[in-house]
Structure formats: structure tokens, C-alpha cells
Asker: 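Take this structure first; my questions come after.
No experiment lies behind these values; they were computed from the predicted model shown. In the text below, chain A, chain B and the rest are named by the order of the sequence lines, each starting its count at 1.
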Protein chains: 2
Amino acid sequence: MREGPDIARIASLVGDPARANMLNALMGGTALTASELALEAGVSLPTASSHLSKLMEGGLLTLASQGRHRYYGLAGPQVAGMIEAITGVAEAVGPKRVRPGPRDGAMRVARVCYDHLAGEQAVAMLDRLVEKDILLRDDREIRLGPSAPSHFAAIGIDVDAKPRRPVCRACLDWSVRRSHLAGTLGAAILDKILLEKWARREKDSRAVIFSPPGKQAFEKVFLA
Amino acid sequence: MREGPDIARIASLVGDPARANMLNALMGGTALTASELALEAGVSLPTASSHLSKLMEGGLLTLASQGRHRYYGLAGPQVAGMIEAITGVAEAVGPKRVRPGPRDGAMRVARVCYDHLAGEQAVAMLDRLVEKDILLRDDREIRLGPSAPSHFAAIGIDVDAKPRRPVCRACLDWSVRRSHLAGTLGAAILDKILLEKWARREKDSRAVIFSPPGKQAFEKVFLA
DNA sequence: AGAATGCTTCGATAAGGAACGAACTATGCG
DNA sequence: CGCATAGTTCGTTCCTTATCGAAGCATTCT
């Protein structure tokens, strides 16, 4: 009965269906209000509020107050990674509650993971960027290559601004068991994809659907 | 309230303190009996048994019956990875319940992760093996290099036997945020380390303590 | 100021599940 | 064959916690 980090505390926070639904919704990357999360989890507003304060106290969420709106979001990439890991196990072990339909297929191809793109497309993109030495990877560490600033500047992404968060980070992909690109650069690329309307977010899902021309444009820029 | 994989179910299995302690104990890699796990979790035998059947039903454990002994073990590397991910969050978020003492330091340097070595030593080892082209890594995928068979044969490890489980696999390290070597090769190397008595397992802990000559020998073989 | 929205706190209820002792099954030993 | 050890099942008790309605704050709009 040794005392390590309190893993049961964290796991039990995720272990409630209502809270799990909320966290899952937040994996979409956008911060949501208490009412939206209540709807998402299928509980009343007071109940949701209670859950949210527990998640806050547990350090899994961050809160941004804007006037009378209070936006809840995942506390960070590490939390998002944990949720993906649990999802992976649930997926593998689960009694195939949903047969792999077209929606699951879409999730496998491309989905939002917290604030960046995940799925086969994202894995392929990272591979190609590394192959072209635009990014340099050494294990989990990913660094910008010499040609990165000009390459990304050409598509309107500034990688020179140095924010608190790392620019590049590898994030593990449960569907493909490979890594894809996270960090501010990963987030910026997802922004770009949605801004250019190369793809749209599936309503009420983390799936990202590329339009045929959008896919071509994406591949031209990132997989060429 | 969309229906994905049942993440709450899995998380709530880990979310009970008794079960969390059991899983944590099993992260040591050796399968344990119900009585041992009961002791570990600080509960009575019937209680432990009940928890164990829940974990079994949830697909998190495997059971190997040997006579009147029933050995429980983690269901696989994916489950182990999930536990490490949750541990990482708990560690980061946790109210520093235990100040980083010598034991924590040891865990950071080298520890057992399921069936292979983790920690700074393990990360350094993988880096070096890749650097020497004995292993080839491309993202999470790790393959054997041409010189691998002879190199490992020299220290009594046969990498040509092809079992079901992959020979090489990257496993994420919460203490260092980098990957170390898992898979059958990772397991074989840990075996080797313990067999040669280069290091000993800390009693009741996942920490692995190298003796001064053992550390030299290890570095000569794997970090040279 | 007054009304309306967004959210949290309070209080009561109810359900789930963790705990243990006792009884039961199964394997191994003399 | 009996006794001991390892483990599961059963039944009961008890505590935790999820839930919602009603009431209370806070912020914005008119």
C-alpha cells in the first residue's frame, strides 16, 4: 500500500459517465460553457456545475471567465494525452458497442485532438515534414529545421513567435499507434485547414472531413 | 451525449483506490496472486477477489492458473501505457503529497515499466542504440538494424525468434517525457540486467537500483 | 433601476458500490 | 481420505456520491 501519485483520484474523476462525456467533448479543443457541457453530458445544469468544480479541483480543467460566460477547457496536452490513452484501451477492450461505421472510419482518417489534427492524415503529414527535414525529430522531441520558417511563412504561419507552449510536440495517436504533430505549430496548421475550408468539423464529433479539393490542397502543401 | 468507446467504464475501474493500488503493483511486471494483491491494496481477500473479477471483466487483466495459484497480470502494454499516462497527470497535478525524496529520485533514474526498463537510464540506452544504428527508429516504430542480431547475440539475447509480440516498441516515459524501449527486446534486456545482477529491484517498489560495478557494465554494453 | 441570462450553492433523496464475515469450492499434501 | 491452503460467492451493512429543484449571486441589456 505504498503511496505514489494519487492515480485513483484522477481516474475516478474520469470514471463518472457525465464527467467523461464532458472531457470527451472538450477533446474537440474548443472551450465550452457549463450549459453546453451540461447538454453534452445529458445532465442538469446544477449537476454539471458540481462536476465541473470537481474537475477543476482535480486540476484537469482550466477556466477562462469572460464577462458572464465561463469557458472550461482541458488543462493541457498531458491531460488530453491521458484521455486518448484511456480511449485507446476502451476502444481495444470494449465490447464493440458500435460497429465500425462510416463515422468511425472518418475518425480514423482525421480528427481533432485537443487543438491539433490527429489520425492517418496527421501522421502522414508529420512523417513527410520530417522526411523533408522541415522538422527534425529525435524521439519525442521535435524541432524546427532550418527551412521551417520560410516554408511555413509561405502559407501564413509564423513559427518565430516564441510562446510559452512548445512550438512542436509529438502526440501519440491511438488509432494508428504512431505520433502526430502537436504544439502551437500543430494548432496553427489545424487553424489553417479549417480557415481555408479544406475540411469541416463533423457536427457533434471530433471527426474532420476533408472535401475532395481540400484534400488535394492539403496534400499539395504538406505531403508534396 | 454521443456514444463512443466507454471511457468512463475503464476509468472508473482504475478510479477505486484498492484497484489502483493493485494495478500499480502489477506495473512491476510480475504477475501476482489474489492474496498478494489483497495485501498490496490493503483490503481483505474477498474484497480483493471482487475487485479482481471486475478488472478481469473490464479486460484490464489476464489470468494464468497454475494449480491452486491464480496469477493476475496486466492485460498488455497498452494497459500499462494508460496507467503510466494517468500516473503522469497525477504526478503533475498532484498536491505534491510526497516530497521528492531519494526513492523518487531512484524511480526517475531507472524503474520497471511492466516488463522492461524505464527512466533516464532506459531513455539514454535507446538513444544510444539508435545513434549506433543498431536500432532504427521512425517515429514510434522501432526496427532492428542490420547489426542488431550479432550485437545482441554477443550478450546472449536472440532477436531472431519471432514471437507474437513486437520485438521493439517505443514506450513513453512520464518522468523524462521521452521514449524508451519496450517489446520483447526491452523485456529481454531487463531480464539480462537483473540476471547479471547489475541492478536489483527495490523491495516493494518499481525502482531499479544499479550497483556501481553493475552500472559500469551496463554502460559498457549499452552506452558505449 | 429593473429584468433577464448564466451559473453556482444548498438541501434532500436515492442509488450504487465497497467493505467484511461466513460459508462454499477447489487444489495440494500427508 | 482428511486436513490445510488458496480463492470465490453470498448476504449484509454502510458510506459515498450523483442527481435535481429551489434559491442565491453575478453580469449584461434595456
Asker: Sequence neighbours excluded, which residues qualify as ring-ring contact (aromatic ring centres under 6.0 Å, His included) partners of B:F218?
Answerer: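 By the ring-ring contact (aromatic ring centres under 6.0 Å, His included) rule, B:F218 matches B:F210, B:F222.
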Asker: Considering every strand and a 4.0 Å limit on heavy-atom distances, what is the contact class for A:S53: base, sugar-phosphate, or nothing?
Answerer: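 Contact class for A:S53: none.
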Asker: Quick one: which protein N/O atoms are closer than 3.5 Å to N/O atoms of nucleotides 24-30 of chain C? Pair and distance per line, please.
Answerer:
residue	atom	partner	partner atom	Å
C:dT27	O3'	B:R68	N	3.4

Asker: With sequence neighbours excluded, what pairs up with A:L26 under the side-chain contact (heavy atoms from CB on, under 4.5 Å) test?
Answerer: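 Partners of A:L26 by the side-chain contact (heavy atoms from CB on, under 4.5 Å) criterion, ordered by chain and then number, come out as A:L32, A:L37, A:L61, A:L74.
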Asker: For A:A38, check side-chain contact (heavy atoms from CB on, under 4.5 Å) against everything at least two apart and list the hits.
Answerer: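 Applying side-chain contact (heavy atoms from CB on, under 4.5 Å) to A:A38 gives A:A48.
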Asker: Under the rule for side-chain contact (heavy atoms from CB on, under 4.5 Å), what residues qualify as partners of B:A118, not counting sequence neighbours?
Answerer: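 B:A118 satisfies side-chain contact (heavy atoms from CB on, under 4.5 Å) with B:R111, B:C113, B:D173, B:H180 once adjacent residues are dropped.
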Asker: Given A:D191 and A:D115, is the side chain to side chain contact (heavy atoms under 4.5 Å, CB included) satisfied, shown in steps?
Answerer: CA-CA 9 Å; A:D191 282 350; A:D115 63 357; over 6 Å; no
Asker: Quick one: A:H69 NE2 to C:dG6 P, roughly how many Å, whole number?
Answerer: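 Atom-to-atom, A:H69 to C:dG6, this comes out as 6 Å.
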Asker: My understanding is that only residues two or more places apart in sequence, or in another chain, count here; which of them pass salt bridge (charged side-chain N to carboxylate O under 4.0 Å, His left out) with A:R200?
Answerer: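 Salt bridge (charged side-chain N to carboxylate O under 4.0 Å, His left out) list for A:R200, sorted by chain: A:E202.
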Asker: Provide the start and end nucleotides, 5' to 3', of the part of DNA chain D that has atoms under 4.0 Å from heavy atoms of chain B.
Answerer: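 Range of nucleotides within reach of chain B: D:dT5 to D:dT9.
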Asker: Below 4.0 angstrom from OP1 or OP2 of C:dA18, is there any side-chain N or O of B:K54?
Answerer: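 Checking C:dA18 against B:K54, a side-chain N or O does come within under 4.0 Å of OP1 or OP2.
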Asker: B:E196: what forms a salt bridge (charged side-chain N to carboxylate O under 4.0 Å, His left out) with it, not counting sequence neighbours?
Answerer: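 Residues passing salt bridge (charged side-chain N to carboxylate O under 4.0 Å, His left out) with B:E196: B:K192.
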Asker: Could you note down all residue pairs passing side-chain hydrogen bond (donor to acceptor under 3.5 Å, both in side chains) where residues 25-35 of chain B supplies at least one of them, sequence neighbours left out?
Answerer: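 Residue pairs passing side-chain hydrogen bond (donor to acceptor under 3.5 Å, both in side chains), neighbours aside: B:T33-B:E36.
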Asker: Only counting residues at least two apart or in another chain, list the ones meeting side chain to side chain donor-acceptor pair (under 3.5 Å) with B:S44.
Answerer: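 Scan of B:S44 (side chain to side chain donor-acceptor pair (under 3.5 Å), adjacent residues dropped) gives B:T47.
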Asker: If you take any heavy atom closer than 4.0 Å to DNA chain D, which residues from residues 44-51 of chain A end up in contact?
Answerer: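 Of all residues in residues 44-51 of chain A, the ones placing a heavy atom under 4.0 Å from DNA chain D are A:S44, A:P46, A:T47, A:H51.
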Asker: So do the side chains of A:V109 and A:I209 get within less than 4.5 Å of each other, counting heavy atoms only?
Answerer: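 In short, these two side chains do not touch, never coming nearer than 4.5 Å.
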Asker: Nearest-Å distance, CG (B:L52) to P (C:dG17)?
Answerer: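 About 17 Å, once rounded to whole Å.
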Asker: Quick one: side chains of residues 10-20 of chain B, donor-acceptor pairs under 3.5 Å with protein atoms, not counting sequence neighbours, listed by atom name and distance.
Answerer:
residue	atom	partner	partner atom	Å
B:S12	OG	B:A8	O	3.2
B:S12	OG	B:R9	O	3.0
B:D16	OD2	B:A18	N	3.0
B:D16	OD2	B:R19	N	3.2
B:R19	NE	B:L13	O	2.6
B:R19	NH1	B:H51	ND1	3.1
B:R19	NH2	B:S12	O	3.2

Asker: Any side-chain N or O of A:Y72 below 4.0 angstrom from OP1/OP2 of C:dT8?
Answerer: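 Yes, because at least one side-chain N or O of A:Y72 sits under 4.0 Å from OP1 or OP2 of C:dT8.
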